[in-house]
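Let me begin by presenting the structure, written as structure tokens, before commenting on it.
Just so we're on the same page: letters track the sequence lines, and every chain starts at 1.
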Amino acid sequence: MRQKLAIAKSWRALRTGIAFSVFGVGALMLVTLAFPVVRLLSGTGEVRQQRVQWLVHRTFQFFAWFMTVLGLIRVARVGMERLRQSAPCLIVANHPTLIDVVLLIAELPQADCVVKKGLWHNRFLRGVVAAAGYIPNDDGAALVGDCAQRLRAGRRLLLFPEGTRSPRGRLGHFRRGAARIALESGCDVVPVVITCDPPTLAKGGKWYHVPDRPAHVTLEVQEPITMRRYLEPGTSPALAARRLTEDLRILYETKLGQCRPQTSAALTAAASP
Amino acid sequence: MGLPVPTREEIFERLKKLLVEEFDLRDEQVVPAAQLAADLDLDSVDWIDMAVALEVDTGLELLEEDLSAIRTIRDVVDVLHGKLTAAQP
């Protein structure tokens with residue numbers, strides 16, 4: 001029995017390695033073959049960026065399907081209709097696994113993404129993040145201004161408030177950048193709560209540390225949060241950002257079963273149409 | 001003859017009031033030795049907001065080199081006191 005489990009685990013590790021290889025090769029093919037064609041056919045920088053983002057979206061749709069076919073993940077999607085709205089919005093999510101960003105972008109034909117600055121030095125992904133116009137998460141004030149401007153221009157933005165993958169079994173610290181961006185732009189925040197069971201490709205884990213069974217990943221899109229309750233006259237931007245960040249954290253802790261005694265009446269009210 | 005320069009204690013009290021009201025900090029958190037980032041969780045955008053609020057409150061212009069040397073509440077008080085003193089005719 002133990003031997004059977006070991007064989008099954010090795011087989012899953014091999015499939016995970018295949019998935020990583022396909023991802024890396026796919027990224028290089030996008031950069032060397034697909035993006036030059038897009039550059040040739042596209043006019044302004046913004047049009048080119050949006051076409052690249054659409055290509056990334058379609059590629060990630062394929063990759064999500066591929067990982068499912070390989071038996072590595074099972075995905076449940078709840079409330080996706082809230083992502084189909086046409087209005088610009090800031091989409092935020094917790095980040096329990098490396099694959100959640102792939103699954104999210106697979107649902108978003110257009111999304112500017114705030115990503116780790118280190119990806120610009122990753123040989124497989126630097127071409128993709130640059131061509132897609134993704135934003136490095138390194139400069140506070142300039143980042144907020146750039147992101148708010150993109151939202152006001154009608155685009156959608158994806159950002160992980162933790163800034164990195166969650167520590168095992170809990171949420172990381174929520175930075176206030178997401179709140180700042182939402183408040184400066186006035187756009188709704190759409191929270192997506194992500195779970196991954198068992199933990200897979202989590203922070204600190206190696207790619208070959210695979211679980212005994214496929215990871216069940218759930219993406220649950222919450223009601224949009226409007227900014228009007230946080231933008232009351234007399235409330236400083238710093239204070240509004242702290243309140244919104246705290247409310248987001250409470251939402252995630254509640255949904256992930258890491259409840260705290262206090263609830264936020266403002267969050268409940270802000271989620272009302 | 002201009003107005004007397006506020007003492008460091010007066011500047012500290014005004015700074016504390018600003019941080020408590022505008023940054024949701026607790027009174028007991030704001031002590032001279034408190035580090036802005038590590039103890040008070042002020043990020044880079046908060047620093048800019050703080051600088052703007054201080055400029056509005058004091059009438060002083062805070063330059064990037066003024067902010068770059070600041071690590072603690074005491075540093076902020078020292079910078080403000082120094083600039084207020086220098087601004088005296």
Between B/Asp43 and A/Arg176, is there a salt bridge with N-O shorter than 4.0 Å?
yes
With a 4.0 Å cut-off, would you call A/Arg242 and B/Asp46 a salt bridge?
yes
Can you tell me if B/Glu55 has over 12 outside heavy atoms packed within less than 6.0 Å of its CD?
yes
Greater than 12 external heavy atoms within 6.0 Å of A/Arg123's CZ:
no
If you take all heavy atoms of B/Ile48 and A/Ala141, which pair is closest and at what distance?
CD1-CB, 3.1 Å
To the nearest 0.5 Å, what is the distance between OG1 on A/Thr235 and CD on B/Glu21?
12.0 Å
Contact class of B/Leu25 relative to chain A, heavy atoms under 4.5 angstrom:
side chain
Non-hydrogen side-chain atoms of B/Asp41 and A/His173 separated by less than 4.5 Å:
yes
Residue pair B/Asp49 / A/Arg180, side-chain heavy-atom distance below 4.5 Å:
yes
